[in-house]
Amino acid sequence: MASEGNTTDDTRRKNNKKILLRRILRQKSGLLGALLILLFLTTAAFPGLFSNYDPLEMNKKHRLEAPSAQFWFGTDEFGRDIFSRVIFGSRISLFISFFTVVLANIGGIIMGVLGGYFGGMRDNVIMRMMDVLFSFPFILLAILIIAITGPGVFNVIISLAVAYLPYSARIARGAVLAVKESQYVEAAKASGASDLRVIGKYIMPNITAPIVVYVTMSFAFALLSEAGLQFLGLGARPPIPSWGLMLNETRGIIEFAPWTGIFPGLAIALAVIGFNLFGDGLRDLLDPKMKQ
Amino acid sequence: MFKKKSLFVGLSILLVLCLAVSVSAKEPKYGGTLVWRVGAETASMDPHVANTLGSTQLLSRIYSTLLRYDESANVVPYIAESWKVSEDGLTYTFKLRNDVYFHNGRKLTSADIKYNIERMIDPATGSPRASRFNLVNKIETPDEYTVVFTLKDPFAPFLGNFADPNAMIIPREIVEDESIKKKAVGTGPFMIKEMVPGDYVLLEKNPKYFVKGLPYLDQLKLKLITENSAIAASMRSKAVDFTVVWGAMYKFFDKMKNIRMQDVPVFAWAMLEFNSSKPPFDNAKLRLALAYAIDRQEIIDAVMLGNAKVTAPVPEGMKGYSADWKTLAGYQVDLEKAKALLKEAGYPDGLKFELKTSTAYAPYVPTAQVIQSNLKKIGVEAEIIPLEWGAYIKDITNFDTWVACFHSFPSYTADPDAYLYRWFHSKGAWNIGFSDPVVDELLDLGRRLTDVSSRQMVYRRAQVRLAQLAPAVYTWRTRVSYAMQPYVNGVTLTPPTIYFDGAWLDK
């Protein structure tokens, strides 16, 4: 009997170790994601620290040069340094993604929480509106909005935020529904707390975990769609360096000057991977179900 | 303005000197399908209204014209077998062939020619070709195969306008039953067999084509491909037999083996146009200042990867060309002069303006970027507004919605009148807000004179005046070639268009 008990303990301990190991591994990738994000945040905040060249400066003498010690990522057909353009390009990409995520989530969370909390008619109206937005493919809805408002950085933010609204509203509503029936919420209501107080004090703190994870992940999505719209020429106007726009500009020459496309493409990929890994790590950390 | 649609990708088609493709004494072979890569579809099925290159490319296979061009840009007989011009240059008598049939079986007669020209002149038709023929006073048809045009004033480029691939002759009945909106019934070498929007148009041989023995091909397929790398790949794989090559496309084609390339001189321009009808560009000194700051060679090297030349208002090869155009005002980069002119114009600190261009054609936005970077050096800030084609045309056809724009366009004729008049005469069909009595007078004179050397002088003077007033800054004129598989023979490349009726495949 005793030996049997020891075996179960051993397996449990081994299992625990395994789980712990797995969690650490997951944390590691999350850590890597955090590092990538930090890297891009730094380049966006202090682009001048990293690049020696003006990203807008055209240089007749160095046109379409392959990567070298002088131009790390090579130059484009105007003789502009691609490294500097990628560095400066992080600015506009992160700027647009940040405001898209903020706007979409503020709007979405407010609507989702109100709908979920009050339920009934109000919930119906809000969620049916979200369903209408949902019925359009995401990127087409964004393009449709830009077609109405006209291209531009600000309009890209608005269009992506609107297209994104229903996603965050659904997440927030779902989270509220799960928490709403808890006894502590019932207790707060019974003790006469106002709706505002119940939401602010008892509901919000308990739904932050899924929302924080979701917001982080939505960064990756925003970055990707932002690059897509820029690629279509609907965002920043040339000559502002932007990753998506750089990819667009390289279309005609990528076959014989691949570096003009590889590096901006790599930047988009790394930034998206960064946010995804970070989001994954965060979820593992915050999700109570994963703790076992 | 409207017709600027006919663009650049296609400019190529337009202008060409010939290539005597089948120099070898080989006998042409009948049969086969030739696949021709095109960059745009037709925007309209009505040849008199159509104003895009894609339309000309398709419709001029199906319809034919009174005259046509040969490989050296001379006007030669087509539907008309001969013509006579009176001493005073006022009466043109055309003798038509008596064996020309429309695809619906009806015989073409002089009444058709009269009807067609009248339809083009009629403002209700809204034809961009109206100004080519509006000097016609009356059209008479003494018999079934004779047409006599009487002009109000002598008009030197008149004959060439009949050879313009766009002056297509249509049968009256398809206008009357309105089927012209959907189908094409011409007298040309090919007829439409199948149209798949966004993909291809398949044409089949017209067995009753009036040029005996032609066409050699059974079918001609116009395949739509727009991406440079896709075009290159389809030429490599022989999915496409024939394509135009220009601008950055040379990077792909220069290295390609087993492809025959034929360079062709092109009459086409890419211009930075100013809206001279309103501030700030109603100021000629300001326009000239900008002209002095623009480095045309830099644009050509960066955007066209070197495959273009700096152009003058009247380019080389066109009647009226003068070799000393490099000395014209604004044709040298001179930043000091530009700054001085800016000051004189009342903008010592520079200015900011919106430069509109379209994303439809690959070189436009990059060219605008070089212009922007050039102008920055004299403190002028150009804000580039890249627009989708429809929105762009809408904006630049209204003087209130643009101040400066960049695009390119081809000329369908080898005569300088055809485009100088339309752009810069105050009554021109696509006037860009520019009006100058001296230019008007010179361009009117150029139309009336028939003597070659005096016309040369007139267009030279017009060119000097236009450079000084700078209503537009000419940038590049692209190198254009046709690339074809080695087994393609007999395509007639003329300045305004290509003819496939003599084309044949040696395989």
Side-chain angles (χ1 to χ4, degrees), chain A residues 53-66 74-82 84-85 143-144 146-156 229-242 244-261, chain B residues 9 226-233 236 246-256 295 297-306 333 354-377 381-392 395:
Chain A
Y53 297 92
D54 179 344
L56 304 185
E57 174 98 19
M58 296 190 181
N59 190 337
K60 284 194 228 178
K61 290 191 200 83
H62 301 285
R63 197 168 272 142
L64 283 178
E65 282 186 12
T75 60
D76 65 8
E77 71 264 45
F78 303 106
R80 297 180 299 203
D81 179 38
I82 292 178
S84 306
R85 290 182 67 74
I143 292 174
L144 174 78
I146 293 197
I148 296 166
T149 57
V153 170
F154 182 70
N155 293 339
V156 165
L229 293 183
Q230 299 273 22
F231 179 80
L232 295 176
L234 301 174
R237 282 174 182 152
I240 296 171
S242 126
L245 206 54
M246 287 170 80
L247 280 184
N248 181 345
E249 286 170 356
T250 185
R251 277 180 314 154
I253 51 173
I254 193 163
E255 197 171 316
F256 46 88
W259 57 90
T260 55
Chain B
V9 171
T226 51
E227 283 288 315
N228 286 353
S229 46
I231 296 167
R236 276 192 213 111
W246 60 280
M249 280 167 79
Y250 282 102
K251 268 277 183 192
F252 298 95
F253 281 84
D254 282 345
K255 287 181 294 184
M256 228 181 267
D295 186 342
Q297 194 57 45
E298 185 179 356
I299 296 176
I300 289 168
D301 290 342
V303 180
M304 310 299 283
L305 304 177
V333 184
E354 283 189 352
L355 171 55
K356 293 196 170 171
T357 191
S358 173
T359 50
Y361 291 91
Y364 290 7
V365 176
T367 302
Q369 283 180 258
V370 181
I371 291 175
Q372 181 184 50
S373 143
N374 288 161
L375 294 180
K376 216 165 113 189
K377 292 181 186 150
E381 200 182 322
E383 191 193 348
I384 300 173
I385 315 280
L387 297 166
E388 167 275 313
W389 186 250
Y392 178 66
D395 274 11

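So you know, we letter chains A, B, ... as the sequences are listed, proteins then strands, and number each from 1.
Heavy-atom distances place both the backbone and the side chain of B:S229 under 4.5 Å from chain A. For A:L56, the part lying under 4.5 angstrom from a heavy atom of chain B is the side chain only. Using a 4.5 Å cut-off between heavy atoms, B:Q369 touches chain A through backbone and side chain atoms alike. Of the two parts of A:F256, only the side chain, counted from C-beta on, holds a non-hydrogen atom closer than 4.5 Å to a non-hydrogen atom of chain B. Within the 4.5 angstrom heavy-atom criterion, no atom of A:E57 approaches chain B. In this structure, no portion of B:Q297 lies under 4.5 Å from any heavy atom of chain A. Within the 4.5 angstrom heavy-atom criterion, only side-chain atoms of A:L64, from C-beta onward, approach chain B. Proximity to chain A is limited to the side chain of B:V365, based on heavy atoms less than 4.5 angstrom apart.
Separation of atoms OH (B:Y250) and CG (B:N228) is listed at 12.0 Å; rounding is to 0.5 Å. Of the inter-residue distances, the one linking A:L245 atom CG with A:Q230 atom CD reads 6.0 Å to the nearest 0.5 angstrom. To the nearest 0.5 Å, atoms CD1 (A:I254) and CG (A:L247) are separated by 7.5 Å. Taken to the nearest 0.5 Å, the CG atom of B:L375 stands 11.0 Å off from the CG atom of B:D295. Interatomic distance, OG1 of A:T75 versus CZ of A:R80, reported as 10.5 Å (0.5 Å rounding).
In terms of heavy-atom pairs under 4.5 Å with chain A, the best-connected choice from B:I385, B:I299, B:L387 is B:I385. Contact tally against chain B (heavy-atom pairs below 4.5 Å) for A:R251, A:E77, A:M58, A:E249: the top residue is A:M58.
Counting only heavy atoms from C-beta outward, the side chains of B:V303 and A:F78 approach each other to under 4.5 Å.
Closest approach of A:L232 and A:I143 over heavy atoms only: CD1-CD1, 3.6 Å.
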